[in-house]
Amino acid sequence: MPFALISQDSRSDDKKAIRASVADALSDPDLTRLLVEPRVSERVAPSLADESDLYLAHVLAALMVTERLGVEVAYVPAEATQATKRYGLPHGPSARELAEHGHASPVPLIRDDAATVLVGRARHLGAEGAKLHGETYVDSERLFTGEVGSIRIEPTPEEPGLRAQVERLLLPGRWLHGRAAQTGGTNIVVEREGVVTTRVLKRSTFYRHDTDLLLVRR
């Protein structure tokens with residue numbers, strides 16, 4: 001099976017460099033599988049695990065925007081991450097073994113309205129440490145309205161594709177499952193894979209892309 005290894009040689013948030021690496025791998029017309037190997041050298045996320053997931057997310061976004069999701073993807077992180085927990089994946093040498101010899105199956109690909117892919121977790125927060133003012137819907141079901149600390153959103157490997165909950169310190173809210181989670185409000189900032197963007201929004205949506213991801217899982 002023709003495959004290519006993409007081993008990280010840039011910051012995990014350097015989208016231009018990551019897209020160039022993906023494009024170079026995709027130049028092989030016989031390519032059927034990408035092995036994505038994060039190698040963190042400069043931290044931009046809170047943890048090494050978050051760095052690895054951030055890198056994977058940008059690789060998947062590059063595949064998505066170039067409409068090359070027919071290529072299988074294998075994830076080879078050195079340690080357990082939020083994404084490995086979400087999708088039941090190994091890490092370390094076991095991940096490399098699976099990447100080279102495992103089988104891919106389709107899983108929902110979750111993205112947002114900024115064309116960023118989500119592989120581990122995201123949060124909708126209030127700007128500058130304030131509480132979030134607004135409301136969140138998962139598909140047509142309201143998750144909250146009013147004021148909360150944060151909303152947590154995670155991809156799921158099974159249908160319909162994602163889940164969301166109100167985060168509370170002592171008693172987290174129930175999970176709602178759906179194809180999309182949309183928050184509207186006056187002071188939204190978005191955290192993706194542990195990294196918070198500073199831009200304040202009035203609306204942010206995570207939703208299932210129209211093409212699934214072919215992920216090596218078994």
Side-chain angles (χ1 to χ4, degrees), residues 3-28 31-40 42-46 48-77 81-87 89 99 104 106-124 153-157 161-162 164 179-183 189-199 201 203-217:
F3 65 80
L5 173 66
I6 296 185
S7 188
Q8 183 177 353
D9 59 2
S10 64
R11 284 170 48 123
S12 57
D13 63 347
D14 189 340
K15 297 180 182 180
K16 183 177 180 180
I18 293 169
R19 288 174 180 171
S21 295
V22 172
D24 183 59
L26 294 177
S27 65
D28 180 356
L31 179 72
T32 60
R33 178 174 296 183
L34 280 182
L35 279 58
V36 182
E37 183 180 54
R39 293 204 176 276
V40 179
E42 184 178 352
R43 288 269 296 273
V44 296
L48 292 177
D50 288 328
E51 290 281 351
S52 297
D53 284 351
L54 187 62
Y55 182 72
L56 173 64
H58 286 316
V59 170
L60 297 183
L63 290 175
M64 179 181 70
V65 299
T66 54
E67 299 183 348
R68 292 299 302 275
L69 289 170
V71 174
E72 299 173 357
V73 175
Y75 189 27
V76 191
T81 72
Q82 291 291 321
T84 62
K85 295 175 184 175
R86 296 287 88 76
Y87 297 104
L89 300 173
V107 297
L109 180 66
I110 302 304
R111 58 171 293 181
D112 67 5
D113 33 21
T116 301
V117 171
L118 178 64
V119 298
R121 84 225 188 260
R123 299 166 75 206
H124 286 152
I153 301 161
E154 298 177 352
T156 62
L162 62 73
R179 294 179 62 90
Q182 182 179 81
T183 298
V189 293
V190 183
E191 177 190 292
R192 304 174 182 89
E193 320 301 355
V195 178
V196 180
T197 57
T198 57
R199 183 183 178 189
L201 306 173
R203 188 170 303 279
S204 175
T205 306
F206 286 89
Y207 61 95
R208 183 176 179 177
H209 189 55
D210 57 8
T211 303
D212 286 345
L213 166 66
L214 294 177
L215 183 65
V216 179
R217 298 180 63 206

side-chain hydrogen bond (donor to acceptor under 3.5 Å, both in side chains) partners of [X], counting only residues at least two apart:
X: Thr205; answer: Gln182
X: Asp14; answer: none
X: Asp9; answer: none
X: Arg19; answer: none

Between [X] and [Y], is any pair of side-chain heavy atoms under 4.5 Å apart?
X: Leu63; Y: Leu26; answer: yes
X: Leu162; Y: Arg208; answer: no
X: His209; Y: Thr211; answer: yes
X: Ile6; Y: Val22; answer: yes
X: Phe206; Y: His124; answer: yes
X: Tyr87; Y: Pro155; answer: yes

Please identify each residue that fulfils side-chain contact (heavy atoms from CB on, under 4.5 Å) with [X], with sequence neighbours left out.
X: Leu48; value: Val40, Arg43, Glu79
X: Arg39; value: Ser7, Gln8, Glu37
X: Ala23; value: none
X: Val196; value: Leu125, Val189, Glu191

Report task. Could you walk me through whether Val117 and Leu213 pass the side chain to side chain contact (heavy atoms under 4.5 Å, CB included) test, one step at a time? Result -> CA-CA 11 Å; Val117 171; Leu213 166 66; over 6 Å; no

Where do [X] and [Y] come nearest, in terms of heavy atoms and distance?
X: Leu34; Y: Ala25; result: CD2-CB, 3.6 Å
X: Ala181; Y: Ile153; result: CB-CD1, 4.2 Å
X: Asp50; Y: Gly194; result: OD2-CA, 4.2 Å
X: Arg11; Y: Ile18; result: O-CD1, 4.1 Å
X: Pro38; Y: Pro77; result: CD-CA, 4.1 Å
X: Pro157; Y: Pro108; result: O-CD, 3.3 Å

**Report entry** side chain to side chain contact (heavy atoms under 4.5 Å, CB included) between Val59 and Val73, worked out
**Finding:** CA-CA 10 Å; Val59 170; Val73 175; 5.7 Å; no

Report summary line: Interatomic distance, CZ@Arg33 vs CG@Leu5, rounded to 0.5 Å, equals 13.0 Å

**Report entry** Separation of Arg68 CZ from Leu60 CG (nearest 0.5 Å)
**Finding:** 14.0 Å

Query raised in the report: Are Arg203 and Asp113 within salt-bridge range, i.e. N to O under 4.0 Å?
Result: no

Report summary line: salt bridge (charged side-chain N to carboxylate O under 4.0 Å, His left out) filter on Arg111, not counting sequence neighbours, yields none

Test item: [X] side-chain N/O and [Y] main-chain N/O as donor-acceptor pair under 3.5 Å:
X: Glu193; Y: Val119; value: yes
X: Thr183; Y: Ser204; value: no
X: Thr116; Y: Asp112; value: no

Query raised in the report: Run the side chain to side chain contact (heavy atoms under 4.5 Å, CB included) check on Arg192 and Thr197 step by step: do they pass?
Result: CA-CA 8 Å; Arg192 304 174 182 89; Thr197 57; 3.3 Å; yes

Report task. Verify side chain to side chain contact (heavy atoms under 4.5 Å, CB included) between Leu54 and Val195, making sure each step is shown before the conclusion. Result -> CA-CA 9 Å; Leu54 187 62; Val195 178; 4.1 Å; yes

Requested in this report: For residues 51-63, pull every pair meeting side chain to side chain donor-acceptor pair (under 3.5 Å), keeping only residues two or more places apart or in separate chains.
Outcome: Ser12-Glu51, Asp53-Tyr75, Asp53-Thr81

